[in-house]
Colleague: 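Dropping the structure in here first, questions after.
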2 protein chains.
Amino acid sequence: MGAAAYARLRDAGLRPTRQRLELASLLFDGHPRGRHVTAEMLFAEARADGARVSLATVYNTLNQFTGAGLLREVVVEPGTSHFDTNTGDHHHLYFEDSGELRDVDADRIEIKGLPPIPRGAEVARVDVIVRLRRK
Amino acid sequence: MGAAAYARLRDAGLRPTRQRLELASLLFDGHPRGRHVTAEMLFAEARADGARVSLATVYNTLNQFTGAGLLREVVVEPGTSHFDTNTGDHHHLYFEDSGELRDVDADRIEIKGLPPIPRGAEVARVDVIVRLRRK
DNA sequence: CAATAGTTTAGAATAACTCTAAACTGCTGC
DNA sequence: GCAGCAGTTTAGAGTTATTCTAAACTATTG
């Protein structure tokens, strides 16, 4: 299982250090694409797993992984960032009461009528967030 | 100009205090629907306008206005909340480099293929954020 | 395996809020 | 009109999420 994480880091041009390997393993190994974690969640999980990692490193690593295209940052609530292991084109279902986030494939969804993009700008990405509340 | 703000607060069931009137005036009077402010921005504007308001009150007021349906909270970046004077059904264009936020009428946009909503949940709202970068 | 460049870390620092408890102020009712 | 109270405001402390700093460590390269 370490091998996949190792290759992933290498391919992303990140030096495969002990803590990055541990975090990459936790994030990607044995989990379906589409895990959503916050820094605190991943930190707690790493600790529970016996990994010796600092919270600062978890933050650094999440940001580096995001920069390297291994993760994607999702902002749904003020105050906390979520990171998604699914970096493909997709959208989100957000359960307001539990804070749970669930992926929705982008090719299921069709968006029509987007306004003209101003000259000099280009679309970096379109985020659709369906906010759900308990009925 | 004070009259509109006064009526707006009354209709929202908020006691029209000096600071609420001032903030409501700044937010709504003489501005087209669709202003986007952060707490710090509104605080600075109020100060520049000579209003005696504390930052805590700006935060409280923005939250109360949001609760009363006078404003809508928009989360696009980690770390800061934006408040939108347009409370109608609409979406956003977000300029990543400048941080500018611009409204897009919802009836221009059509979204198809949303996944089935889980039993027991209902859609509170659908947010579409078109993130733009400089080309 | 030594040098070095990139990493990690504890703890301090920052940013964006929220809370607290005391001071203040609209709004009643008389 | 004004006393009195419930609702507001505020300064400053507290909290939370995150970043910074500078020293200690470690993966890679020669």
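Throughout, a chain's letter reflects where its sequence line sits, starting with A, and its residues are numbered from 1. For clarity, every value in this text was computed on a predicted model and none was experimentally measured.
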Colleague: Is there a donor-acceptor pair under 3.5 Å between the side chain of B:Thr85 and the backbone N or O of B:Gly34?
Modeller: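 Flag set: sc B:Thr85 to bb B:Gly34 pair under 3.5 Å.
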Colleague: Send over the distance from B:Leu9 CG to D:dG7 P, rounded to a whole Å.
Modeller: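 For the pair B:Leu9 CG and D:dG7 P, the rounded distance is 17 Å.
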Colleague: Can you tell me how far P of C:dT8 sits from CG of A:Leu62, to the nearest Å?
Modeller: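 Rounding to the nearest Å, CG of A:Leu62 and P of C:dT8 are 12 Å apart.
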Colleague: Would you mind reading off the distance between A:Glu22 atom CD and C:dT9 atom C1', rounded to a whole angstrom?
Modeller: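 About 14 Å, once rounded to whole Å.
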Colleague: Taking NZ, NE, NH1 and NH2 as the nitrogens, is one of them in A:Glu45 or A:Arg47 under 4.0 Å from a carboxylate oxygen of the other?
Modeller: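 Looking at A:Glu45 and A:Arg47, the cut-off is not met.
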Colleague: Please round to the nearest 0.5 Å and tell me the distance separating atom CZ of A:Phe95 and atom CG of A:Leu101.
Modeller: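 With rounding to 0.5 Å, CZ (A:Phe95) is 9.5 Å from CG (A:Leu101).
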Colleague: May I have the distance from B:Arg52 (atom CZ) to C:dA23 (atom P), rounded to whole angstrom?
Modeller: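 Going from CZ in B:Arg52 over to P in C:dA23 covers 18 Å.
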Colleague: Could you state the atom-to-atom distance from CZ of B:Arg47 to C1' of D:dA11 in whole Å?
Modeller: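 Rounded to the whole Å, the gap is 11 Å.
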Colleague: Distance check needed: C:dT7 P versus A:Leu23 CG, whole Å only.
Modeller: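 Between P of C:dT7 and CG of A:Leu23: 14 Å.
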Colleague: Please determine whether a side-chain nitrogen of the Lys or Arg among A:Lys112 and A:Glu110 lies less than 4.0 Å from a carboxylate oxygen of the Asp or Glu.
Modeller: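 A salt bridge is present here (some side-chain N lies under 4.0 Å from a carboxylate O).
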Colleague: Who pairs with B:His92 by ring pair (Phe, Tyr, Trp, His ring centres under 6.0 Å), at least two apart in sequence or on another chain?
Modeller: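 Expected list: B:His36, B:His90.
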Colleague: Given D:dT9, is OP1 or OP2 found less than 4.0 Å from the side-chain N or O atoms of B:Ser54?
Modeller: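 Indeed not, no polar side-chain atom of B:Ser54 lies that close.
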Colleague: Distance check needed: D:dG7 P versus B:Leu14 CG, whole Å only.
Modeller: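 After rounding, the gap between these two atoms is 13 Å.
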Colleague: With a 4.0 Å cutoff (strictly under), does any side-chain N or O of B:Arg20 reach OP1 or OP2 of D:dT9?
Modeller: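 Yes, because at least one side-chain N or O of B:Arg20 sits under 4.0 Å from OP1 or OP2 of D:dT9.
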Colleague: Return a table of donor-acceptor pairs under 3.5 angstrom between the side chains of residues 128-135 of chain A and protein atoms on other chains or two or more places apart.
Modeller:
from	atom 1	to	atom 2	distance (Å)
A:Arg131	NE	B:Asp127	OD2	2.8
A:Arg131	NH1	A:Val76	O	3.2
A:Arg131	NH2	A:Val76	O	3.4
A:Arg131	NH2	B:Asp127	OD2	3.3
A:Arg133	NH1	B:Glu122	OE2	3.2
A:Arg134	NH2	A:Asp97	OD2	2.6

Colleague: For B:Arg35 and B:Leu26, indicate whether the former's side chain and the latter's backbone hold a donor-acceptor pair under 3.5 Å.
Modeller: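 Yes; judged by distance alone, with no hydrogens or angles, the pair exists.
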Colleague: Measure from CD on A:Gln64 to P on C:dG6 and round the result to the nearest Å.
Modeller: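 Interatomic distance, CD of A:Gln64 to P of C:dG6: 13 Å.
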Colleague: Strictly by ring pair (Phe, Tyr, Trp, His ring centres under 6.0 Å), give each pair with a member in residues 45-86 of chain B just once, sequence neighbours left out.
Modeller: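 Residue pairs with at least one partner in residues 45-86 of chain B: there are none.
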Colleague: Assign a letter to each nucleotide of nucleotides 25-30 of chain C from its 5' end: B, base within under 4.0 Å of a protein heavy atom; S, sugar-phosphate only; -, no contact.
Modeller: BBS---
Colleague: For a quick check, with a 4.0 angstrom heavy-atom cut-off, what is the B/S/- contact string for nucleotides 16-25 of chain D, read 5' to 3'?
Modeller: -SBBB-----
Colleague: Under the salt bridge (charged side-chain N to carboxylate O under 4.0 Å, His left out) rule, collect the residues that match up with A:Arg102, sequence neighbours excluded.
Modeller: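 A:Arg102 satisfies salt bridge (charged side-chain N to carboxylate O under 4.0 Å, His left out) with A:Glu100 only.
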